[in-house]
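Okay, structure first, notes after.
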Amino acid sequence: MLSNTLVLWALLVCGNGGVSIVLGETEDSDGNSKPVAAVVTSISNDLSFDENGKLKSFQLLFPLESPDCPAATHTRAGYETHAIAGDALDLVFPDYQAGDCVAACVERGTDQTLAGSTMPHFHYDDSVEDIEFRDWFSKKCNMVEVCLMNYFTKEQPLQVYWIDSTTGESTHTLSLEYGEPETVCFSSFLGHKFEVRLEDELLDTFTVEHILVKAIGKSKPPDSSKRSFETEIVSALKNEWKKHQVVKRTFSPLGFAKGRLPNDVFAAMGSFFYNNRHNKVREEWGGRGVFVNWWETEVSFIQIPWHLKGEWQIRLADLVSTWAGVPVEQTVMYGLRQYEDGARLLTHVDRTPTHAVSLIVNVAQGNLTEPWPVEVHDHADRLHEVLMEPGDIVYYESAKNLHGRNRPL
């Protein structure tokens, strides 16, 4: 359960690239794999969920009526393999026809209400795939992204080693420079183990159990002793009101609208946050303005790995294009920001060259004592308050329409 928090993810119609390294040439042995488990007829009732209603382990699902398909005999450490029928089959494979050789991977940490909804890249269909099932599973389900950050020291880079599970030997794989801009993302496999060292000192050891974003050390709060925040806030508000009058083109009657994430996208975002909820870092705001009151309350951040971001971008850009009524070019995509008690977001507009239309997603929230609405000014400068629940979207013309959350959380 989250405590007095709101986790928001903003897509600013985006596109990015990144470093991609595959650590470890092969997957680990299947020696600890679990056998194919009982038939599942209800996703929410028959699979195992933790005390928060999230899937305890990864799932490989295939139709009971297709016992000759390779998924029926495939096992892998970290995964439970289930044949599905009845309501479960209809939910996971709504277009299934008798004899279809299909399979789906479901991520650990997926909410119980969404566990039957998976992103398209987690679905296998031998009638359209041009690779063997084993290779597809390895690439799409067992290979995951890992992003590492160094907040331990600026003096010298940290060294990351991959540990061979059979021999125990370590192989140097990458160096980590200090700070969020020096984040390194790479591809690995579930079950792979790593060590992080500073010269001969062992700083951390971890095993890859899901898509992972992890910081070594803790970032220090920026120095705010020489800042005059009241003066900066007044100046910023005046400037933002001037800026919002510059853009003349509009895309919608009001300049904003409320929507809802598709279930598979919401499931993917929710599981990513849940699996990494303890790995958030302090967002780096020093020297970056006063739009979030970082000097008064903790504002945390979780980066989104490059390839995962790309999968989400494709789906979300389609939603934004449909709402705006025109094709959009992806420019910027932000990560997950977690607000705590007392947080606020100063009224502002976004960058004119890149932020014509945008969206905000409420990924998760917990124990709010009162609603914390998004405040949006329409094209006539009338103020609207939009309430959001997890899975909700707010579309908005972010370079033109003023928006914020000035009421403290």
Side-chain angles (χ1 to χ4, degrees), residues 1-11 43-45 47-61 78-80 88 91-92 104-123 140-141 144-147 190 208-214 258-281 300-316 318-319 333-340 359-368 372 374 387-394:
M1 176 65 69
L2 301 176
S3 176
N4 301 310
T5 59
L6 182 72
V7 181
L8 295 176
W9 178 82
L11 167 76
I43 295 295
S44 60
N45 293 330
L47 298 182
S48 296
F49 298 88
D50 65 16
E51 67 278 6
N52 296 314
K54 312 297 182 181
L55 269 177
K56 287 185 176 181
S57 63
F58 291 90
Q59 306 290 325
L60 174 60
L61 307 178
Y79 268 83
E80 291 184 2
L91 180 61
V92 178
C105 295
V106 185
E107 294 179 283
R108 166 183 164 180
T110 302
D111 190 82
Q112 188 170 9
T113 63
L114 299 166
S117 302
T118 57
M119 294 280 283
H121 63 281
F122 284 132
H123 278 254
K140 297 295 185 178
C141 301
V144 296
E145 290 179 272
V146 178
C147 292
L190 295 175
V208 178
E209 298 180 345
H210 46 69
I211 297 172
L212 178 65
V213 178
K214 181 178 177 63
K258 186 175 178 180
R260 185 76 182 171
L261 277 177
N263 282 345
D264 60 337
V265 181
F266 185 27
M269 290 183 179
S271 63
F272 171 73
F273 167 69
Y274 186 74
N275 293 334
N276 289 278
R277 66 194 186 282
H278 299 307
N279 298 330
K280 59 184 183 291
V281 299
S300 303
F301 186 74
I302 301 176
Q303 289 199 60
I304 307 170
W306 300 114
H307 294 153
L308 179 65
K309 182 184 291 189
E311 297 288 350
W312 293 354
Q313 284 176 322
I314 293 170
R315 299 292 300 282
L316 293 168
D318 287 343
L319 294 175
M333 185 178 188
Y334 209 50
L336 283 79
R337 177 185 290 159
Q338 180 166 317
Y339 294 97
E340 306 286 348
L359 61 76
I360 301 169
V361 175
N362 183 327
V363 177
Q365 66 185 39
N367 293 345
L368 299 185
W372 198 46
V374 179
L387 300 179
M388 299 184 72
E389 295 292 333
D392 284 345
I393 299 170
V394 172

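What you see is a predicted model, and the numbers here were worked out from it, not measured in a lab.
Residues V144 and L212 fail the side-chain proximity criterion, which asks for heavy atoms closer than 4.5 Å. D392 is listed as a side-chain neighbour of K258, based on a closest heavy-atom distance under 4.5 Å. Side-chain contact check for L61 versus I43: some heavy-atom pair is nearer than 4.5 Å. Between C105 and Y79 the shortest side-chain heavy-atom distance falls below 4.5 Å. At least one side-chain heavy atom of E107 sits under 4.5 Å from a side-chain heavy atom of F58. Q365 is listed as a side-chain neighbour of E389, based on a closest heavy-atom distance under 4.5 Å. Between N276 and H210 the shortest side-chain heavy-atom distance falls below 4.5 Å. For the pair S271 and I211, the minimum side-chain heavy-atom distance is 4.5 Å or more.
Considering NZ of K214 and CD of Q303, their distance stands at 14.5 Å, rounded to 0.5 Å. Note that CZ of R108 and NZ of K56 are 11.5 Å apart. Values are rounded to the nearest 0.5 Å. One distance of note links CD of E311 with NE2 of H121; it measures 4.5 Å at 0.5 Å rounding. Rounding to the nearest 0.5 Å places CD of Q313 at 13.5 Å from CZ of R315. In this structure, CG on N362 lies 8.5 Å from CZ on R260, to the nearest 0.5 angstrom. Between N275 atom CG and K54 atom NZ the span is 10.0 Å, to the nearest 0.5 Å.
Judged by distance alone, with hydrogens and angles left aside, the side-chain atoms of E145 form a donor-acceptor pair with the main-chain N or O of L308 at under 3.5 Å. When atom types are taken as modelled, the side chain of N263 and the backbone of V265 share no donor-acceptor pair closer than 3.5 angstrom.
Across every non-hydrogen atom of G78 and S57, the tightest pair is O-CB, 4.1 Å. Taking all atoms of both residues into account, the shortest heavy-atom contact from V363 to F266 is O-CE1, 3.6 Å. The two residues V213 and N279 have their closest heavy-atom pair at O-CB, 3.0 Å. Minimum heavy-atom separation, I304 to G335: CD1-CA, 3.8 Å.
Cation-pi geometry between R277 and Y274 is met: under 6.0 angstrom from the ring centre, within 45 degrees of the axis.
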Inset, instruction - Report the C-alpha distance between L336 and F272 in whole Å, list the side-chain angles of each, state the deciding distance to 0.1 Å, and finish with yes or no for side chain to side chain contact (heavy atoms under 4.5 Å, CB included). - result: CA-CA 10 Å; L336 283 79; F272 171 73; 3.9 Å; yes

Inset, instruction - Decide side chain to side chain contact (heavy atoms under 4.5 Å, CB included) for T118 and Q59; before the verdict, give the C-alpha distance in whole Å, the side-chain angles of both, and the deciding distance to 0.1 Å. - result: CA-CA 11 Å; T118 57; Q59 306 290 325; over 6 Å; no

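Put simply, the residue from T110, L114, D111 that forms a side-chain contact (heavy atoms from CB on, under 4.5 Å) with L55 is T110.
Ring geometry for Y339 against W372 counts as perpendicular: the plane angle is over 60°, on a 0 to 90° scale with 30° as the lower cut.
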